[in-house]
Visitor: 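First the structure, which I've put down as structure tokens, then a few questions once you've had a look.
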Amino acid sequence: MKKTNILKISGFIFLISSLTNSNTVLADADTLTGDTRTACEVILCLSSSTGKGLSECKAPLKKYFSISAKKWKDTLKKRRKFLDLCPAANENAKMSALTTALQHQEYACDAETLNSRTEIMRRNGITMVRVQSYMPGFCNDLYNHEFTEFSQIKKPKYVCDAKKWYTAKDWARGFEQVEVSRKWNRWKQEYDIKYKDVKIDKECWK
């Protein structure tokens, strides 16, 4: 059977079927209300590569990501409990796996969002910064799952030097000082060093 993957937020209908399973999940806005409806909307929105930008998704996602606890593991449990309110969340093994991937999603997985995230480390007492260089596991799960729109688009790739870090000062101003020449000054008994400003590429995910 040919795979169908339809995510229609505005009319709140979603129909998913797999290549190996003829089971379908059909949820209509007229039959779902309250948190049950919201849970299904969250699954739809997070499964869509454009979900975060849709006006219909703002309220459901705001409510979902407001679910929290002091410990992350408890936050995950509470969010899973909420997602499980949707009848489709555990309709079959593949839907359950998708729900698990969505449960662990901390932020969006598009290139723009990944480029907005940074990693920080200390080197010789100096704070170093760069664009987050790894694709988190929950993003990989979304791009690899056949029931999401992510599986139908190109997965972002990190194109910057994964070994390159910048000082927090350079990162803040957007330029790195790069040495272009050095000449020994015999009067000062030290090198005269010239630098130039090189713009830091902060769009590493493409």
Side-chain angles (χ1 to χ4, degrees), residues 5 7 42-54 57 61-62 64-77 79-80 83 94 96-183 191-206:
N5 188 341
L7 298 174
V42 169
I43 291 176
L44 284 170
C45 293
L46 294 181
S47 297
S48 171
S49 58
T50 57
K52 73 168 188 175
L54 297 176
C57 288
L61 291 181
K62 182 178 180 180
Y64 175 70
F65 284 113
S66 70
I67 299 173
S68 63
K70 290 184 178 180
K71 295 182 179 180
W72 178 242
K73 66 177 183 179
D74 293 328
T75 294
L76 292 178
K77 290 178 181 179
R79 289 182 178 178
R80 180 54 185 252
L83 293 177
K94 291 183 178 181
S96 182
L98 173 60
T99 304
T100 298
L102 299 178
Q103 168 196 0
H104 287 82
Q105 188 171 355
E106 298 180 51
Y107 45 83
C109 297
D110 57 288
E112 180 182 2
T113 299
L114 294 173
N115 282 325
S116 71
R117 299 188 62 81
T118 57
E119 294 179 274
I120 297 176
M121 68 170 288
R122 297 282 291 178
R123 178 185 292 167
N124 299 324
I126 300 174
T127 300
M128 309 297 290
V129 188
R130 69 178 179 187
V131 172
Q132 178 175 294
S133 61
Y134 62 90
M135 175 78 71
F138 59 82
C139 286
N140 282 319
D141 290 341
L142 290 178
Y143 278 103
N144 294 332
H145 201 291
E146 62 187 292
F147 286 176
T148 72
E149 284 185 337
F150 290 94
S151 65
Q152 301 171 23
I153 64 175
K154 183 180 178 181
K155 183 178 178 180
K157 182 179 180 180
Y158 192 83
V159 297
C160 294
D161 184 352
K163 296 181 180 179
K164 183 71 174 178
W165 292 83
Y166 304 91
T167 66
K169 181 179 179 180
D170 284 347
W171 186 264
R173 69 191 189 95
F175 291 89
E176 176 190 20
Q177 277 198 330
V178 177
E179 181 181 325
V180 292
S181 68
R182 64 168 54 203
K183 184 177 181 181
Y191 284 103
D192 291 330
I193 304 175
K194 292 184 178 181
Y195 298 91
K196 70 174 181 179
D197 283 341
V198 177
K199 186 177 181 180
I200 296 174
D201 186 1
K202 296 184 179 182
E203 295 185 359
C204 292
W205 291 96
K206 298 182 184 294

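These values consider heavy atoms only, across backbone and side chains, with no hydrogens, waters or symmetry-generated copies.
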Visitor: Kindly assign one of parallel, tilted or perpendicular to the pair W171 and Y166, based on the angle between their ring planes and the thresholds 30° and 60°.
Guide: tilted
Visitor: For S68 and R79, does a side-chain donor sit closer than 3.5 Å to a side-chain acceptor?
Guide: no
Visitor: Could you name each residue pair satisfying salt bridge (charged side-chain N to carboxylate O under 4.0 Å, His left out) that touches residues 159-168, not counting sequence neighbours?
Guide: K164-E176
Visitor: Could you state the interatomic distance from CD1 (I126) to CE (M121), rounded to the nearest 0.5 Å?
Guide: 10.5 Å
Visitor: Please report the shortest heavy-atom distance between V131 and Y158, naming the atom on each side.
Guide: O-OH, 3.4 Å
Visitor: Do I153 and Y143 touch side chain to side chain, with heavy atoms closer than 4.5 Å?
Guide: yes
Visitor: Side-chain contact test, heavy atoms from C-beta onward, threshold under 4.5 Å: evaluate it for T113 versus W205 and give yes or no.
Guide: no
Visitor: Nearest 0.5 Å please: distance from the CD atom of Q177 over to the OH atom of Y195.
Guide: 7.0 Å
Visitor: If we count only N and O atoms by modelled type, under 3.5 Å, do the side chains of S48 and E149 hold a donor and an acceptor together?
Guide: yes
Visitor: Atom CG of L54 and atom CG of L44: how far apart are they, to the nearest 0.5 Å?
Guide: 10.5 Å
Visitor: With side chain to side chain contact (heavy atoms under 4.5 Å, CB included) as the test, would you mind laying out the steps for R80 and L76 before giving the verdict?
Guide: CA-CA 6 Å; R80 180 54 185 252; L76 292 178; over 6 Å; no
Visitor: Can you run down the side chain to side chain donor-acceptor pair (under 3.5 Å) pairs that involve residues 120-142, sequence neighbours left out, and say none if there aren't any?
Guide: Y107-Q132, R117-Q132, E119-R130, E119-S133, R122-T127, R130-S133, N140-K155
Visitor: Nearest 0.5 Å, please: how far is CG in L83 from CD1 in I43?
Guide: 5.5 Å
Visitor: Any side-chain heavy-atom pair from L102 and V42 closer than 4.5 angstrom?
Guide: no
Visitor: Restricting to pairs with a member in residues 196-205, which pass salt bridge (charged side-chain N to carboxylate O under 4.0 Å, His left out), not counting sequence neighbours?
Guide: R173-D197, E203-K206
Visitor: P136 versus L114: any side-chain heavy-atom pair under 4.5 Å?
Guide: yes
Visitor: Taking atom NZ of K77 and atom NZ of K71, what is their separation to the nearest 0.5 Å?
Guide: 9.5 Å
Visitor: To the nearest 0.5 Å, how far apart are CZ in F138 and OG1 in T100?
Guide: 14.5 Å
Visitor: Run the numbers on V129 and D170 for side chain to side chain contact (heavy atoms under 4.5 Å, CB included), then give the verdict.
Guide: CA-CA 9 Å; V129 188; D170 284 347; over 6 Å; no
Visitor: With disulfide (SG to SG under 2.5 Å) as the rule and sequence neighbours excluded, what pairs involving residues 113-160 come up?
Guide: C109-C139, C160-C204
Visitor: Tell me whether T148 contacts the main-chain N or O of L142 through its side chain, where contact means a donor paired with an acceptor under 3.5 Å.
Guide: yes
Visitor: What salt bridge (charged side-chain N to carboxylate O under 4.0 Å, His left out) pairs are there with at least one residue in residues 98-113, not counting sequence neighbours?
Guide: K52-D110
Visitor: Ignoring hydrogens and geometry, is there a side-chain-to-backbone donor-acceptor pair from S49 to F150 under 3.5 Å?
Guide: no
Visitor: So which atom in P156 and which in A111 form the shortest heavy-atom distance, rounded to 0.1 Å?
Guide: CG-N, 3.9 Å
Visitor: Using modelled atom types only, decide if a donor and an acceptor are shared between the side chain of H145 and the backbone of K94 within a distance under 3.5 Å.
Guide: yes
Visitor: Taking ring pair (Phe, Tyr, Trp, His ring centres under 6.0 Å) as the test, write out the residues that go with Y191, two or more places apart.
Guide: W184
